[in-house]
Amino acid sequence: MISKEHIIKRFVSYVTIDTESDPTSSTTPSTHKQWDLANKLAEELKTIGMQDVDIDDNAYIVATLPSNVEHEVPTIGFISHFDTSPDFTGANVRPQIIEHYDGKDIVLNEAENIVLSPDYFEDLHLYKGQTLITTDGTTLLGADDKAGICEIVSAMEYLINHPQIKHGKIRVGFTPDEEIGRGAHKFDVEKFGADWAYTMDGSQIGELEYENFNAAGAVVKVKGKIVHPGYAKGKMINSMYIAQEFINSLPRLETPEHTEEYQGFFHLSSIKGKVEETVLQYIIRDHDRGHFEARKAVMENLANELNEQYGWEVISVEIKDQYYNMKEKIEPVMHIVDIAEEAMKQLGIEPIIKAIRGGTDGSQLSYKGLPCPNIFAGGHNFHGRYEYVPVESMIKATEVICKIAELAAKTA
């Protein structure tokens, strides 16, 4: 039986270390503070008895649990990331432990009147009577994806301490900078040496995902002309007004707050503007590759139309693809999804198979030759002050890892 207290202690030791990544940095990891947790994890893996523990110059960590069966068994992997999102501060995280959650409002921060309410976050109703770990309302929690790391380390420790559970060779990997889209960029798939792997990076208990968004980032730069406003007639061009035209010309209901399931979107994530120049940062998302390409074309065509309207290059769009839908790489090896689904069923967990409205390291790793579906880690409301994770979900995720290892050895 996996100890609740042990899981809580391990998880809290991770989330209280600030590992926020930085999209403006060109280094790997993008922030030096990610090394604080990376080095701790490498030492912890050695302490619990993992072998071949290695941390490279970019803070990627890999380790091995050797096979304890005599017959040939596929090598499988489990992967999570240790950075947290730059969307909200991850400094000075002070987790709160809510024992026997009563199903009512949770006051995260009385002084600032910050409340985690099931009236707004309905998933809380699923966890009445359980133990929740929340924020204090001033930071994110970091369950994305330190819950996944906690579960992988705890599962490896459990398998080491219970050699009667038979399994093949298992590789684990922990990555930096997943939250800024770079988690798999310097991941050495050949060195990792697994036939397939699973990212422990999903949300609600039971989630099992092998589809994700196709993703791109767009930088829209709008040029203007600044002159003294008292003498500006016929001379000033205010880039912020042109930027507003661009924004308003995109489909207003195709944004994150108006879409769900397989619906794609344009997301304006940042505006920095003055009269002379305004810069818009967008992300573009769609599960369907054709629709994804069409969305990129919409932005480029709109820029061309505005340039034609103004008679000079007033606006430019630079679009860079970030990752693609892993579905086409997973479907030829669907047995790896079947094993995870069966593991959940044997543990009394109802599998929730759905598409990710986002991406994981696994989406990029699948295209690098390592098929990598995604499994729940248990957290909710990622990237903000209302983030929480039920401890029971983390325990179940840990058990799923152990069961997958056992089933992969049996079905070989």
Side-chain angles (χ1 to χ4, degrees), residues 7 11 14-15 78-85 87-88 90 93 95 98 101 106 116-118 120-128 130-135 140-152 154-155 175 178-179 181 183 198-213 215 256-257 259-263 265 285 287 323 325-326 337 340-341 343-344 347 349-363 372-401 404:
I7 287 279
F11 178 70
Y14 297 164
V15 299
F78 295 95
I79 298 168
S80 290
H81 64 91
F82 49 77
D83 69 311
T84 60
S85 172
D87 289 350
F88 204 73
V93 173
I98 313 298
Y101 171 55
I106 300 171
L116 178 62
S117 174
Y120 193 84
F121 299 106
E122 295 178 356
D123 286 339
L124 279 165
H125 291 297
L126 298 171
Y127 306 112
K128 186 176 181 180
Q130 298 189 22
T131 299
L132 306 184
I133 304 179
T134 74
T135 74
L140 52 67
L141 180 62
D144 181 11
D145 188 25
K146 293 170 185 176
I149 292 175
C150 179
E151 292 149 9
I152 292 171
S154 298
T175 71
E178 189 270 356
E179 293 291 0
Y198 302 91
T199 49
M200 302 299 298
D201 197 14
S203 181
Q204 178 181 339
I205 183 170
E207 284 187 2
L208 173 58
E209 302 149 327
Y210 64 93
E211 300 179 65
N212 61 277
F213 275 139
E257 63 269 34
T259 54
E260 62 183 349
E261 297 179 349
Y262 284 91
Q263 297 168 334
F265 57 73
R285 300 290 188 265
H287 289 97
Y323 53 82
N325 191 341
M326 68 173 125
V337 176
E341 183 177 6
M344 291 185 194
L347 293 167
I349 302 167
E350 182 179 351
I352 304 171
I353 300 177
K354 63 178 186 177
I356 308 169
R357 287 184 60 80
T360 69
D361 281 339
S363 58
C372 202
N374 190 45
I375 293 173
F376 72 91
H380 288 263
N381 305 338
F382 297 146
H383 299 189
R385 68 176 84 242
Y386 299 105
E387 186 180 5
Y388 70 93
V389 63
V391 176
E392 287 81 356
S393 294
M394 285 198 289
I395 292 172
K396 282 296 186 182
T398 304
E399 293 174 352
V400 167
I401 294 169
I404 287 173

### Query
So Phe121 and Tyr386, would you call those rings parallel, tilted or perpendicular, with 30° and 60° as cut-offs?
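Correct class here is tilted.
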### Query
When the ring planes of Tyr198 and Phe78 are compared, do they come out parallel, tilted or perpendicular, using 30° and 60° as the limits?
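Tyr198 and Phe78: parallel rings.
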#### Entry: Stepwise side-chain contact (heavy atoms from CB on, under 4.5 Å) check, Ile375 with Ile404
CA-CA 11 Å; Ile375 293 173; Ile404 287 173; 3.5 Å; yes
Would you call [X] and [Y] a side-chain contact if the rule is heavy atoms closer than 4.5 Å?
X: Leu126; Y: Ile205; answer: no
X: Gln204; Y: Phe376; answer: no
X: Glu209; Y: Lys354; answer: yes
X: Phe382; Y: Leu140; answer: no
X: Thr84; Y: Lys146; answer: yes
X: Glu399; Y: Ile349; answer: no
X: Tyr388; Y: Ile98; answer: no
X: Ile106; Y: Leu132; answer: yes

Check [X] against [Y] and note the closest heavy-atom contact, atom names and distance.
X: Leu141; Y: Val93; result: O-CG1, 3.8 Å
X: His287; Y: Ile356; result: NE2-O, 2.9 Å
X: Cys372; Y: Ile79; result: SG-CD1, 4.3 Å
X: Gln263; Y: Thr259; result: OE1-CA, 3.2 Å
X: Ala377; Y: Gly148; result: CB-N, 3.9 Å
X: Ser117; Y: Leu124; result: C-CD1, 3.7 Å

Side-chain donor or acceptor of [X] paired with backbone N/O of [Y] under 3.5 Å:
X: Asn325; Y: Glu211; result: no
X: Glu341; Y: Pro351; result: no
X: Gln130; Y: Tyr101; result: no
X: Ser203; Y: Gly378; result: no
X: Asn212; Y: Met326; result: yes
X: Lys396; Y: Leu347; result: yes
X: Arg357; Y: Phe213; result: no

#### Entry: Contacts of type side-chain hydrogen bond (donor to acceptor under 3.5 Å, both in side chains), residue Thr135, not counting sequence neighbours
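For Thr135, no residue satisfies side-chain hydrogen bond (donor to acceptor under 3.5 Å, both in side chains) once neighbours in sequence are set aside.
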### Any residue meeting side-chain hydrogen bond (donor to acceptor under 3.5 Å, both in side chains) with Thr360, in chain and number order, not counting sequence neighbours
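With neighbours one apart ignored, the set is empty.
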Separation of [Y] [atom2] from [X] [atom1] (nearest 0.5 Å):
X: Ile133; Y: Ser393; atom1: CD1; atom2: OG; value: 10.5 Å
X: Glu122; Y: His380; atom1: CD; atom2: NE2; value: 12.5 Å
X: Arg385; Y: Glu387; atom1: CZ; atom2: CD; value: 12.5 Å
X: Glu151; Y: Phe11; atom1: CD; atom2: CZ; value: 9.0 Å
X: Tyr323; Y: Arg285; atom1: OH; atom2: CZ; value: 4.0 Å

### Message
Is it the case that the ring center of His383 lies less than 6.0 angstrom away from the ring center of Phe88?
### Response
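That pair fails the under 6.0 Å test.
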### Task
Return the set of residues passing side-chain contact (heavy atoms from CB on, under 4.5 Å) with Glu257 (not counting sequence neighbours), or none when no residue passes.
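By the side-chain contact (heavy atoms from CB on, under 4.5 Å) rule, Glu257 matches Arg252, Thr255.
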### Message
Which residue is it: Asp361, Thr199, Asp144? I am looking for the one with a side chain to side chain donor-acceptor pair (under 3.5 Å) to His81.
### Response
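The passing option is Asp144.
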### Task
Establish, from distance only, whether the side-chain atoms of Ser80 and Asp145 form a donor-acceptor pair under 3.5 Å.
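Yes, because at least one side-chain N or O of Ser80 sits under 3.5 Å from a partner of the opposite role on Asp145.
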